[in-house]
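One structure is given below, encoded as structure tokens.
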Amino acid sequence: GFIISNIQIFCKDTPNVVVVGATNRPADLDAALLRRLDVKLCVPRPDFDTHRTLVLHYLATTTHTLTPSNVNDLVARTEGRSCDDIHKVLTTSARNCVNDAIALAHQTGSTPHVPPLGFSDILNVCLSQPSGFSDLQEEQDHLKFAANFAHKLSSDRVHMITDAQVAKYVSMPHPP
């Protein structure tokens with residue numbers, strides 16, 4: 001459809017164009033679009049150690065009271081979630097703390113005081129946001145597609161990104 005025709009129109013007169021796209025929902029992509037992509041990268045969900053590195057990376061700029069045991073528990077409770085899911089859980093948790101402090105200050109007429117992010121704050125969000133999928137069937141469909149992705153497209157054009165590569169990227173300094 002729309003994306004394919006625009007890529008073809010744009011690339012016809014500009015041969016040195018690189019089109020980069022990303023999705024957490026590859027099963028929803030049109031087969032015709034997939035055929036036109038020269039290289040596909042499959043980034044798996046993070047393993048425990050990479051997942052832990054991500055959580056610690058996201059927590060590094062937040063005042064929190066999590067112990068190493070809390071971090072391990074959080075990693076175990078969010079197993080199978082994407083990097084974006086993990087980021088959303090932690091961002092929502094921090095935002096909820098700020099909103100609660102503002103609401104309390106408004107009620108009492110005092111200056112807002114935002115307490116450090118606690119394990120229970122994150123756990124409440126984890127329980128209210130099970131994953132980035134709307135239902136179990138959607139999650140199962142995604143997992144089935146992800147498991148067959150490299151097999152279906154088996155060629156030298158499909159590249160798997162390793163957990164070590166993801167961890168290396170996460171530990172690199174990034175601009176704000």
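A continuous path of hydrophobic side-chain contacts links Phe48 to Val89 [ILVMFWY only; heavy atoms under 4.5 Å].
When the side chain to side chain contact (heavy atoms under 4.5 Å, CB included) test is applied to Asn96, the partners found at least two apart in sequence or on another chain are Thr92, Val125. Ser120 pairs by the side chain to side chain contact (heavy atoms under 4.5 Å, CB included) definition with nothing, not counting sequence neighbours. Partners of Thr108 under the side chain to side chain contact (heavy atoms under 4.5 Å, CB included) rule, at least two apart in sequence or in another chain, are Leu104, Ser110. In this structure Ala103 satisfies the side chain to side chain contact (heavy atoms under 4.5 Å, CB included) test with no other residue, sequence neighbours excluded. Listed by chain and residue number, His51 satisfy the side-chain hydrogen bond (donor to acceptor under 3.5 Å, both in side chains) test with Thr78 (two or more places apart in sequence, or in another chain).
To the nearest 0.5 Å, the span separating SG on Cys97 from CD1 on Ile122 amounts to 8.5 Å. If you take CD1 on Ile102 and NE2 on His106, they are separated by 11.0 Å, rounding to the nearest 0.5 Å. Atoms SG and CZ, on Cys126 and Phe119 in that order, are 7.5 Å from each other to the nearest 0.5 Å.
Asp47 has its side chain within reach of Thr50: a pair of non-hydrogen atoms, C-beta onward, lies under 4.5 Å apart.
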Enumerate, atom names and distances included, each donor-acceptor pair closer than 3.5 Å involving a side-chain atom of residues 64-77, sequence neighbours excluded.
| residue | atom | partner | partner atom | Å |
| --- | --- | --- | --- | --- |
| His64 | ND1 | Leu66 | N | 3.1 |
| Thr65 | OG1 | Leu117 | O | 3.4 |
| Thr67 | OG1 | Ser69 | N | 3.4 |
| Thr67 | OG1 | Asn70 | N | 3.0 |
| Thr67 | OG1 | Asn70 | OD1 | 3.2 |
| Asn70 | OD1 | Thr67 | N | 3.0 |
| Asn72 | OD1 | Arg52 | NE | 2.6 |
| Asp73 | OD1 | Arg77 | NE | 3.1 |
| Asp73 | OD2 | Arg77 | NE | 3.4 |

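Proximity of a side-chain donor or acceptor of Asp121 to a complementary backbone N or O of Gly118 within less than 3.5 Å is detected.
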Exercise for review: In sequence, state the C-alpha distance, the side-chain angles, and the governing distance for Thr62 and Leu90, and then conclude on side-chain contact (heavy atoms from CB on, under 4.5 Å).
Suggested key: CA-CA 9 Å; Thr62 303; Leu90 295 172; over 6 Å; no

